[in-house]
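Take this structure first; my questions come after.
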Amino acid sequence: MGMEHFLSSNDERMDSQLLFTAQIDKMTAILRRTLLIDKSRRENDAEHSWHIAVMAMLFREYAAEPVDIGRVVQMCVVHDLVEIIAGDTFAYDVEGNQGKEEREKAAADQLFARLPREQGQMLRAFWEEFDAMETADAKYAACMDRLQPFLHNTLTDGHTWVESGTNRAMVEKRMAVVKEFMPKVYGWVSDNLDHGIQAGWLKP
């Protein structure tokens, strides 16, 4: 069975919602570089999005400003949807990140247009807010997006750091929003960066 076997509801709006729902199942096939903590395989985009959405419910007390968890969770589950079309770009892949903004914008144009207009606009607005990282909600969501793979690296012998030859400065740049918006949590991050260098997972 596949999309070609979709049976119409005879309601154009409902059909677009059902087909979009089927389309985003592809999130489960978009593999990230991050290993699951049991090291059995790489995680996929859907797992990552679920994971950071749950994290957002747990860590609000460390945020530097008040945040709306409902909005943050929506950002978390929407932020990587465009990768269904654009593909995942590894955070520390300098070459791969060239043109990422244009690729993802084109993917957003294509993906969100498949929904009823106001719903497509709503999802796109969450995606754009997350990407801009200017509001308190977006900064908090971005912190979750960065903390989750960082935690995985600390529990998988620095897997993606070792694999990519990442150095401390690169990780610090990536984690800058955590330092700004969740300074208490960044203390834990800094300790783990020290440990990662001592263990040989990170380059100084």
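All values below come from the heavy atoms of this structure, side chains included, with hydrogens, waters and symmetry mates left out. Worth saying up front: this structure is predicted, and the values here are computed from it rather than measured.
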Minimum heavy-atom distance Leu115-Gly120, with the two atoms named
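Here Leu115 and Gly120 meet closest at CB-N, 3.8 Å.
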For the residue pair Glu47 and Gln148, establish whether any side-chain heavy-atom pair is separated by less than 4.5 Å.
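A side-chain contact under 4.5 Å is absent here.
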Hey, are the side chains of Gln119 and Phe20 touching, using non-hydrogen atoms and a 4.5 Å cut-off?
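SC-SC contact between Gln119 and Phe20 ruled out.
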Are the side chain of Ser49 and the backbone of Ala46 linked by a donor-acceptor contact shorter than 3.5 Å?
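Checked: no pair found.
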Do Pro149 and Arg32 come close enough that some side-chain heavy atom pair is under 4.5 Å?
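Yes; the side chains approach each other to less than 4.5 Å.
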Please check if Phe90 and Leu202 belong to a single hydrophobic cluster, counting links between Ile, Leu, Val, Met, Phe, Trp and Tyr side chain heavy atoms closer than 4.5 Å.
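Yes, one cluster joins them.
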Salt bridge or not between Asp45 and Lys26? Use side-chain N to carboxylate O under 4.0 Å.
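Looking at Asp45 and Lys26, the cut-off is not met.
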Quick check: do Asp137 and Phe130 have side-chain heavy atoms less than 4.5 Å from each other?
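Of all side-chain heavy-atom pairs linking Phe130 with Asp137, none is under 4.5 Å.
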Hey, could you give me the CG/CD1 distance between Asp88 and Ile30, rounded to the nearest 0.5 Å?
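That separation rounds to 8.0 Å.
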Main chain of Trp161, side chain of Tyr92: is a donor-acceptor contact present, judged purely on distance under 3.5 Å?
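A pair under 3.5 Å: no.
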Taking the basic N atoms (NZ, or NE/NH1/NH2) and the acidic carboxylate oxygens, is any pair closer than 4.0 Å for Asp157 and Lys39?
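Lys39 and Asp157: salt-bridged.
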Non-hydrogen side-chain atoms of Val189 and Leu193 separated by less than 4.5 Å
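Counting from C-beta outward, Val189 and Leu193 do come under 4.5 Å.
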Side chains of Asn153 and Thr160: donor-acceptor distance under 3.5 Å anywhere?
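Checked: Asn153/Thr160 side chains pair up, N/O donor to acceptor below 3.5 Å.
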Distance-minimising heavy-atom pair for Ile52 and Met144:
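Nearest heavy atoms, Ile52 then Met144: CG2-O, 3.4 Å.
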Do Ser40 and Asp38 have side-chain N/O donor and acceptor atoms under 3.5 Å apart?
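Side-chain D/A pair, Ser40 to Asp38: present.
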Rounded to the nearest 0.5 Å, how far apart are CG of Leu35 and CG of Leu155?
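Those atoms lie 11.5 Å apart.
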Start with the C-alpha distance between Ser164 and Arg33, add both sets of side-chain angles, then the distance that settles side chain to side chain donor-acceptor pair (under 3.5 Å), and finish with yes or no.
CA-CA 10 Å; Ser164 59; Arg33 296 282 286 274; 5.3 Å; no
Distance-only check: which donor-acceptor pairs under 3.5 Å involve side-chain atoms of residues 59-69, not counting sequence neighbours?
unit_1	atom_1	unit_2	atom_2	d
Asp68	OD1	Gly70	N	3.0
Asp68	OD1	Arg71	N	3.3

With His152, which of His159, His51, His48 fulfils ring-ring contact (aromatic ring centres under 6.0 Å, His included)?
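Between His152 and the candidates, ring-ring contact (aromatic ring centres under 6.0 Å, His included) is satisfied uniquely by His51.
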If I compare all heavy atoms of Gly200 with all of Val162, which pair ends up nearest, and what's the gap?
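Answer, listing the atom of Gly200 first, then Val162: O-CG2, 4.5 Å.
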CD/Glu101: more than 12 non-hydrogen atoms of other groups inside 6.0 Å
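No - once you tally the heavy atoms of other residues, nucleotides and ligands closer than 6.0 Å, there are 12 at most.
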Does Ser190 reach the main-chain N or O of Gly187 with its side chain, forming a donor-acceptor pair under 3.5 Å?
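Not a single qualifying donor-acceptor pair exists.
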So, taking the atom named CD in Glu104 and the one named CG in Leu111, what distance separates them when rounded to the nearest 0.5 Å?
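With rounding to 0.5 Å, CD (Glu104) is 11.5 Å from CG (Leu111).
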Any donor-acceptor pair under 3.5 Å from Asn44 side chain to Thr28 backbone
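Side chain of Asn44 to backbone of Thr28: a pair is present.
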Of the non-hydrogen atoms in Gln74 and Phe126, which two are nearest, and what is the gap between them?
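Closest approach of Gln74 to Phe126, heavy atoms only: OE1-CE1, 3.4 Å.
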Do Thr21 and Leu18 make a side-chain contact, defined as non-hydrogen atoms from C-beta onward lying under 4.5 Å apart?
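Side-chain contact under 4.5 Å: no.
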Using a strict cut-off of less than 4.0 Å between a Lys/Arg side-chain nitrogen and an Asp/Glu carboxylate oxygen, indicate whether Arg174 and Asp145 qualify as a salt bridge.
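Salt bridge present between Arg174 and Asp145.
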May I ask you to establish whether Arg124 and Phe112 are in a cation-pi arrangement, using a distance under 6.0 Å from NZ or CZ to the six-membered ring centre and at most 45° from the ring axis?
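Arg124 over Phe112 ring: no.
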Minimum heavy-atom distance between Ala86 and Arg103, given as atom pair plus value
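Closest approach of Ala86 to Arg103, heavy atoms only: CB-O, 4.0 Å.
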Report yes if the side chains of Met182 and Tyr140 come closer than 4.5 Å at any heavy-atom pair, otherwise no.
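SC-SC contact between Met182 and Tyr140 confirmed.
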Atom CZ of Arg117 with >12 non-hydrogen neighbours under 6.0 angstrom:
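Counting neighbours around CZ of Arg117, 12 or fewer heavy atoms of other residues, nucleotides or ligands fall under 6.0 Å, so no.
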Do the side chains of Val82 and Gln110 get nearer than 4.5 Å, heavy atoms only?
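A side-chain contact is absent here, since even the closest heavy-atom pair is not under 4.5 Å.
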To check you understand the geometry: which heavy-atom pair defines the closest contact between Thr89 and Glu83, and what is its length?
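So the two residues come closest at N-OE2, 4.5 Å.
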Short question: side chain of Arg168, backbone of Pro204 - any donor-acceptor pair under 3.5 Å?
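Checking the backbone N and O of Pro204 against the side chain of Arg168, no donor-acceptor pair under 3.5 Å is found.
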Are more than 12 heavy atoms from other residues, nucleotides or ligands located less than 6.0 Å from atom CD of Glu118?
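Yes - once you tally the heavy atoms of other residues, nucleotides and ligands closer than 6.0 Å, there are more than 12.
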Look at the side chain of Glu128 and the backbone N and O of Ala125, then say whether any donor-acceptor pair between them is shorter than 3.5 Å.
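Such a contact is absent between Glu128 side chain and Ala125 backbone.
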Main-chain N/O of Trp188 paired to Asn192 side chain as donor or acceptor, under 3.5 Å
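Yes, because the side chain of Asn192 sits within donor-acceptor range (under 3.5 Å) of the backbone of Trp188.
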Hey, what do you get for CD (Glu172) to CG (Asn167), rounding to the nearest 0.5 Å?
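Taking CD in Glu172 and CG in Asn167, the distance rounds to 9.0 Å.
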